[in-house]
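Here's the structure, in structure tokens; my notes come after.
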Amino acid sequence: MTPNVLLRHPFSFSIVVAFILLLADALVIYPRFRSPLRNIPQTTGRENGRIIFESPRGKSALRWIREQPDAELIRIKNAFGLPTILCSGPDALRDILNTHVYDFEKSWGVRAFLARAIGWGLILSEGAEHTRQKKVLTPAFHIRRIRELYSLMWEKTQILQSGLEADIKDHPIGSGGFGLVELSEWSSRLTLDIIGPAAMGRDFQSLTTEENPIADAFLEMLRPDRSRLAFLGLHFIIPESIVRRLPLKTNETLNRIGTFLRHTCYDIIQEKNRELMEKGTGLAEYDILSRIVQTGEFTDAEIVDQMLTFLAAGHETTASALTWACYLCAKYPEVQQKLRAEIHENIPSSTTTITWDILESMSYLNGVCEETLRLYPTVPATIREAVRTTQVAGYTIPKGTDFILVPYAINRHPRFWGDNADMIVPERWIDTLPDGTTRPNKTGGTTTNFSELTFLHGPRACIGRDFAKAELRCAVAGVIGKFEIELCTLEEPKVTGVITMKAEGGMYLRLRPIESW
Ligand code: HEM
């Protein structure tokens with residue numbers, strides 16, 4: 001179309017001009033002169049897309065935060081030049097996680113992707129429905145209930161010890177009684193065998209059986225490889241309803257595993273319903289499922305989704321934390337030795353019965369677990385979208401603005417953690433009282449809760465936080481008490497993972513049993 005043609009067709013001309021003006025407004029005038037986001041400090045270049053593929057996820061965010069240490073918010077351009085906002089200061093985090101928490105939701109595409117793996121349970125519910133579900137489910141995670149589970153957690157940790165001893169014998173390395181052990185799969189099996197009975201009264205026995213379809217299903221579903229990451233990335237650009245119809249192998253795998261896990265959960269729920277009919281409402285209140293069934297608040301289909309959520313969110317996460325705790329102990333032998341001394345002082349042998357007050361009073365154990373969760377937050381990044389125009393740290397945020405929250409970066413922010421933010425310092429989490437005794441503290445010596453985002457905060461915080469911390473304490477005490485651990489290479493493990501932080505190719509470490517414990 002030449003200009004002459006346009007002048008002869010004024011209507012077409014106006015449409016073209018209007019289109020050019022709209023484009024110029026959207027790409028140049030609005031972002032530079034009118035957008036309420038324009039005053040937020042920004043990074044240079046278009047770097048957002050990296051966050052999905054980089055290793056570790058959150059590395060770039062940490063760099064941006066360190067470049068602008070006092071910023072509450074940082075503007076990043078995504079692959080299409082549109083802004084995504086990184087939350088980097090305590091006021092912004094408070095607004096998003098507490099004050100205006102329901103003005104933010106996880107974007108639809110990512111929720112739809114996650115739903116195929118973890119069901120439409122609590123994690124993916126939003127707004128009033130989330131408030132309702134959280135209210136009903138929270139009592140099942142009361143600290144009193146968690147403490148009742150310590151004996152189950154310790155019993156399973158003892159089974160893990162036997163499994164590791166056998167593995168060491170089968171895979172000797174060098175002289176001196178060491179064996180080469182891949183820790184991440186053992187950790188996964190341990191946490192699955194704890195969440196099974198705790199969540200649904202079903203012992204999957206994955207620590208003792210070679211073939212375990214449930215454990216294998218989760219391992220396959222969450223297998224961290226580039227095709228899975230690329231598949232996740234697709235959900236940011238193509239609607240999920242289209243992605244799920246593409247002839248991709250990942251679609252086939254997710255459908256197959258999803259159907260298998262759903263059927264398994266459904267069968268367990270039917271069993272639980274029958275038990276409830278037979279015994280009336282006096283059903284043992286041991287597992288989370290029994291409690292949920294007895295509330296009468298959810299349909300069977302909804303309970304299947306909640307169970308899938310608890311199984312997925314409740315096992316890979318803590319397994320990852322245990323794996324990184326072992327890695328850190330191998331990397332820092334002085335931390336390992338100090339921790340073992342505390343464990344042996346408080347728990348005379350691996351066959352001793354433990355109680356929650358013993359485990360919860362061990363300051364150094366608490367410090368090592370907290371530092372692991374800080375340095376290797378299982379969920380290194382998560383996203384939010386403003387579902388209405390709102391305010392964050394004094395900035396007006398238009399509806400539709402995308403946000404990223406990056407525990408990996410916040411947890412290593414020198415503004416909160418000082419110059420040694422990247423180092424493991426368990427002592428941060430220990431208070432020394434005037435009489436010289438020590439006790440664990442909850443903030444790592446920082447002045448705000450928002451210095452650590454591993455479990456987030458506020459109404460959307462992880463419901464399983466106390467559960468995970470108890471489980472981690474038990475498992476770390478059992479493994480470090482019973483085994484000396486060494487690195488088998490000085491090379492840093494490459495961190496990967498679709499949602500959680502995993503070591504690429506597994507976490508191979510050298511282990512030697514401590515016979516005297
Ligand atoms: C080290 C272990 C764990 C870590 C680091 C962790 C981390 C998180 C994070 C960051 C979230 C918020 C995600 C978001 O909103 O974007 C979350 C939510 C959640 N987690 Fe965990 N989690 C852990 C263990 C567990 C366990 C053991 C369970 C269950 C037994 C669990 C169940 C959930 C549920 C149901 C939610 C949704 C809460 C809500 O939206 O209200 N998590 N977790």
Side-chain angles (χ1 to χ4, degrees), residues 57-58 87 93 96-98 101-102 104-107 110-111 113-115 118-138 140-142 145-146 149 152-153 187-188 190-192 194-200 287-289 291-292 305-325 369-385 403-408 410-411 452-476 497 499-502:
R57 188 176 294 155
C87 278
L93 289 164
I96 291 187
L97 296 173
N98 259 326
V101 61
Y102 287 114
F104 298 91
E105 295 182 357
K106 297 182 186 77
S107 66
V110 171
R111 285 166 65 207
F113 163 72
L114 287 174
I118 65 172
W120 286 106
L122 183 63
I123 292 187
L124 301 180
S125 63
E126 297 290 355
E129 180 55 20
H130 172 263
T131 314
R132 178 187 84 87
Q133 291 189 16
K134 191 105 179 203
K135 197 167 160 212
V136 178
L137 296 171
T138 295
F141 288 87
H142 192 278
R145 305 262 184 224
I146 306 297
L149 292 170
L152 165 75
M153 293 171 178
S187 303
S188 251
L190 170 73
T191 53
L192 184 63
I194 292 174
I195 195 71
M200 37 184 30
D287 58 73
I288 296 167
L289 176 58
R291 284 177 223 130
I292 296 179
D305 279 300
Q306 300 296 353
M307 285 301 112
L308 272 179
T309 299
F310 290 137
L311 280 185
H315 109 267
E316 264 308 314
T317 45
T318 323
S320 152
L322 173 60
T323 309
W324 290 111
C369 292
E370 291 290 354
E371 282 292 86
T372 306
L373 291 165
R374 180 178 75 80
L375 292 167
Y376 290 94
T378 308
V379 182
T382 183
I383 51 157
R384 292 292 187 267
E385 182 186 326
F403 280 77
I404 45 172
L405 305 172
V406 188
Y408 180 84
I410 294 294
N411 292 4
E452 215 225 355
L453 285 193
T454 303
F455 297 96
L456 299 192
H457 293 284
R460 297 298 318 219
C462 174
I463 202 171
R465 191 190 68 160
D466 292 332
F467 185 105
K469 286 192 176 185
E471 201 178 7
L472 186 62
R473 247 180 241 128
C474 251
V476 171
I499 300 160
T500 57
M501 279 184 115
K502 288 177 160 238

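Remember, it's 1-based here, ligands and their atoms both numbered in the order they're listed.
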Give the residue and atom name of whichever protein heavy atom lies nearest to [atom], and the separation in Å to one decimal.
atom                    : result
atom 35 (C) of ligand 1 : Ile463 CG2, 3.5 Å
atom 32 (C) of ligand 1 : Ala313 CB, 3.7 Å
atom 6 (C) of ligand 1  : Phe455 CD2, 3.7 Å
atom 24 (C) of ligand 1 : Thr317 OG1, 3.3 Å
atom 37 (C) of ligand 1 : Ile123 CG1, 3.1 Å
atom 40 (O) of ligand 1 : Arg460 NH2, 2.9 Å

For ligand 1, indicate whether the residue [X] contacts it via side chain, backbone, both or neither (heavy-atom separation under 4.0 Å).
X      : value
His315 : neither
Leu373 : side chain
Ala461 : backbone
Leu472 : neither

Looking only at distances, can you tell me whether any N or O atom of [X], backbone or side chain, sits closer than 3.5 Å to an N or O atom of ligand 1?
X      : answer
Lys134 : yes
Thr318 : no
Lys106 : yes
His130 : yes
Arg384 : yes

Heavy-atom proximity to [atom], best of [options]:
atom                    : options                        : answer
atom 18 (C) of ligand 1 : Pro380, Ala470, Cys369, Cys462 : Cys462
atom 7 (C) of ligand 1  : Thr454, Leu97, Leu456          : Thr454
atom 26 (C) of ligand 1 : Pro377, Ala140, Gly314         : Gly314

Using a strict cut-off of 4.0 Å, indicate which atoms of ligand 1 neighbour a heavy atom of [X].
X      : answer
Phe310 : 35 (C)
Phe141 : 29 (C), 30 (C)
Thr378 : 1 (C), 5 (C)
Ile195 : 30 (C)
Phe467 : 27 (C)
Thr382 : 14 (C), 16 (O)

Nearest-0.5 Å distance, [atom1] of residue [X] to [atom2] of residue [Y]:
X      : Y      : atom1 : atom2 : result
Leu152 : Ile194 : CG    : CD1   : 6.0 Å
Phe467 : Thr317 : CZ    : OG1   : 9.0 Å
Leu373 : Thr318 : CG    : OG1   : 8.5 Å
Ile195 : His315 : CD1   : NE2   : 9.5 Å
Ile146 : Glu471 : CD1   : CD    : 9.5 Å
Ile96  : Leu456 : CD1   : CG    : 10.5 Å

Counting C-beta onward and ignoring hydrogens, is there a side-chain heavy-atom pair between [X] and [Y] closer than 4.5 Å?
X      : Y      : result
Ile383 : Ser107 : yes
Ile288 : Arg145 : no
Tyr376 : Ser320 : no
Ile463 : Leu137 : yes

Quiz prompt | Pro459 near ligand 1 by a heavy-atom separation under 4.0 Å | solution =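 Pro459: in contact with ligand 1 (<4.0 Å).
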
Quiz item: Any idea how Phe310 and Phe141 line up, ring-wise: parallel (<30°), tilted (30 to 60°), or perpendicular (>60°)?
Solution: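 It falls in the tilted class, 30° to 60°.
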
Quiz prompt | Test item: side-chain donor near acceptor, Glu316 and Ser188, under 3.5 Å | solution =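 Yes.
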
Quiz prompt | Salt-bridge present (Glu126, Arg460; N to O < 4.0 Å) | solution =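 Salt bridge between Glu126 and Arg460, a charged N being under 4.0 Å from a carboxylate O: yes.
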
Practice problem: Work out which heavy atom in Val101 is nearest to a heavy atom in Pro459; give both atom names and the distance. | Solution: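 Heavy-atom minimum between the residues: CG1-CG, 3.6 Å.
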
Quiz item: What are the two closest non-hydrogen atoms of Gly119 and Asp305, and how far apart are they?
Solution: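 For Gly119 versus Asp305, the nearest heavy atoms are CA-OD1, 3.2 Å.
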
